[in-house]
Amino acid sequence: MKPAPFRYIVAHSIEEALAAKAEHGEEGRFLAGGQSLVPAMNFRLVQPAVLIDLNPISELAGIERADGVLRIGAMTRYRALERDAIVWRDLPLITHALPEIAHPQIRNRGTIGGNLANADPASELPAIVRALGGRLRARSAISERTIKAADFFVGALTTALAADEMLSAIELPVLPARSGTAFLEMSRRRGDFALAGVAAVVTLDAEEICRNARLAYCGLGDRPIHATAAAQSLIGERLSEAAFAEAARLAQDAVDPQGSVHASKGYQRHLAGVLTRRALRTATERARHGH
Amino acid sequence: MDTERCTVVVSVNGVRYEREVEPRLLLSDFIRHELRLAGTHVGCEHGVCGACTVLFDAEPVRSCLMFAAQANGHEIMTVEGLAPAADRLHPLQEAMHAAHGLQCGYCTPGILMTLVAFLKDNPRPDEAQIRAAISGNLCRCTGYQHIVDAVMRSVA
Ligand SMILES: Cc1cc2nc3c(=O)[nH]c(=O)nc-3n(C[C@H](O)[C@H](O)[C@H](O)COP(=O)(O)OP(=O)(O)OC[C@H]3O[C@@H](n4cnc5c(N)ncnc54)[C@H](O)[C@@H]3O)c2cc1C
Ligand code: FES
Ligand code: FES
């Protein structure tokens, strides 16, 4: 099918885009990579009156590191993240996970900002940003604020952004030394959204005792789920198969799978357990030996 | 810049085109209906099948998930731009022909445009990498094996 008519505004600066959004509110949509918005428009699931194209705004794209934080512009494309040497060095969790997201042609267009603003509960990056304790920068024509990942995702396809706000950048703290991460998912075909996925982060001390752990899930609730009790159970422990099994059991209680024709709730919960154990094994290995 | 119709100036296969279009015109329809380059195919119009893949500033993208207006000032290459001359095929096209990499040919333009860019980045791919590269291109005929064979043949 074809999209319904709309007014097309090309924004050349953040200020222009924000002024247009302030004027049109819910009637206006930002166009980022278009890889979620355009299919929805082609099916006429959404019919925005106005599209504000962010693609020409070069200041919205880019990756920089300052004061132990990676700052990623909202219009940074998956492909740029996938190929970026700083991301690989400082947050390999992202580099490991990106090949799981869609297909090469989609990754050439899709952006981190569009992905997070879209807030698909089965999407990988919201869980990753949650696991990394990310902060999201929101700007409107008159204000600017920071929203913690834990507060940003409020439900399926729903975020804390107001109608006049743009997600402008994502800030991810670089992990301390002796940290290891892993992302694992199960999907029906390569590039599909996850039936269940987990982002695991562990930090060890010099005695190999776990000092910090985080476990965030995609596809297992109406938003990315952080399994706090499961992660807590690892802290202070010398990580072993028994510790992984206990965390996996607690994680299965924390997730809230919805079930579908492709996977029952029980199967999704089973996946949560298996993926948690495997991801913790890999993350711990990487914390000991790097990447 | 607000417009009812917008001007698109775009280079396609090295030829410059200028057209006035409705903002909602998809790039795939622009290429097929306005420019009459029907080699780019349309299967699903929601980004799943890959038949509409073209090179946009040298990177493969879904032309059904972009608006023609967004191509203003950019460079596009379609399957019509691959062959070096009217009587010669691109080496990958030769290999697809030789290895029976197509049957009905509906998916072929998208597969070619995807693989041409992939081989530039990965001149010596293994089978798993080739399969990952075409994971976003559906083929209902070949079962993919002969496409993989064609790529292996083209890099041998
Ligand atoms: C075949 C296919 C398979 C896919 N598989 C996966 C997958 O496995 N995993 C996955 O995560 N995704 C998948 N996707 C979706 C893809 O990742 C999208 O690129 C992503 O969800 C949206 O990013 P985008 O830049 O394309 O945003 P757009 O589609 O342009 O925008 C999405 C929404 O966010 C809003 N928006 C965009 N940017 C901003 C901003 N800066 N501030 C505020 N609002 C904004 C838009 O108005 C729109 O409502 C798939 C898509 C396709 C077509
Ligand atoms: S027509 Fe574009 S991906 Fe199917
Ligand atoms: S050759 Fe027929 S779909 Fe691929």
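Letters go in sequence order (proteins before strands), and every chain restarts at 1. Since the structure is predicted, the reported quantities are computational estimates derived from the model, not experimental observations.
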Heavy-atom count around [X] [atom1] within 6.0 Å, excluding the residue itself: above 12?
{"X": "A/Arg278", "atom1": "CZ", "answer": "no"}
{"X": "B/His33", "atom1": "NE2", "answer": "yes"}
{"X": "A/Glu27", "atom1": "CD", "answer": "no"}
{"X": "A/Leu45", "atom1": "CG", "answer": "yes"}
{"X": "B/Glu75", "atom1": "CD", "answer": "no"}

Need one label for [X]: side chain, backbone, both or neither, based on atoms under 4.5 Å from any heavy atom in chain A.
{"X": "B/Asp57", "value": "neither"}
{"X": "B/Phe56", "value": "side chain"}
{"X": "B/Leu26", "value": "side chain"}
{"X": "B/Ala117", "value": "neither"}

Rounded distance [0.5 Å steps], [atom1] in [X] versus [atom2] in [Y]:
{"X": "B/Leu55", "Y": "A/Gln105", "atom1": "CG", "atom2": "CD", "result": "10.0 Å"}
{"X": "B/Ser28", "Y": "A/Lys2", "atom1": "OG", "atom2": "NZ", "result": "6.0 Å"}
{"X": "B/Arg24", "Y": "A/Tyr8", "atom1": "CZ", "atom2": "OH", "result": "16.0 Å"}

#### Entry: Residues of residues 50-61 of chain A with any heavy atom under 4.5 Å of a heavy atom in chain B
A/Leu51, A/Asp53, A/Asn55
#### Entry: Part of residues 106-128 of chain A lying next to chain B, heavy-atom separation under 4.5 Å
A/Ile106, A/Asn108, A/Arg109
Can you name the closest pair of heavy atoms from [X] and [Y] and give their distance?
{"X": "A/His103", "Y": "B/Ser135", "answer": "ND1-OG, 3.0 Å"}
{"X": "A/Pro39", "Y": "B/His46", "answer": "CB-CB, 3.8 Å"}
{"X": "A/Phe6", "Y": "B/Pro23", "answer": "CZ-O, 3.4 Å"}
{"X": "B/Met66", "Y": "A/Val38", "answer": "N-CG1, 4.4 Å"}

### Task
Against chain B, label A/Ala4 side chain, backbone, both or neither, depending on which of its atoms sit under 4.5 Å from a heavy atom there.
backbone
### Query
Which bit of A/Arg83 is near chain B, if near means a heavy-atom gap under 4.5 Å: side chain, backbone, both or neither?
side chain
### Task
Quick one: which of B/Arg62, B/Arg131, B/Glu22 has the most heavy-atom pairs under 4.5 Å with chain A, could you say?
B/Arg62
### Query
Among B/Val48, B/Leu25, B/Thr114, B/Val42, which has the most heavy-atom pairs under 4.5 Å with chain A?
B/Thr114
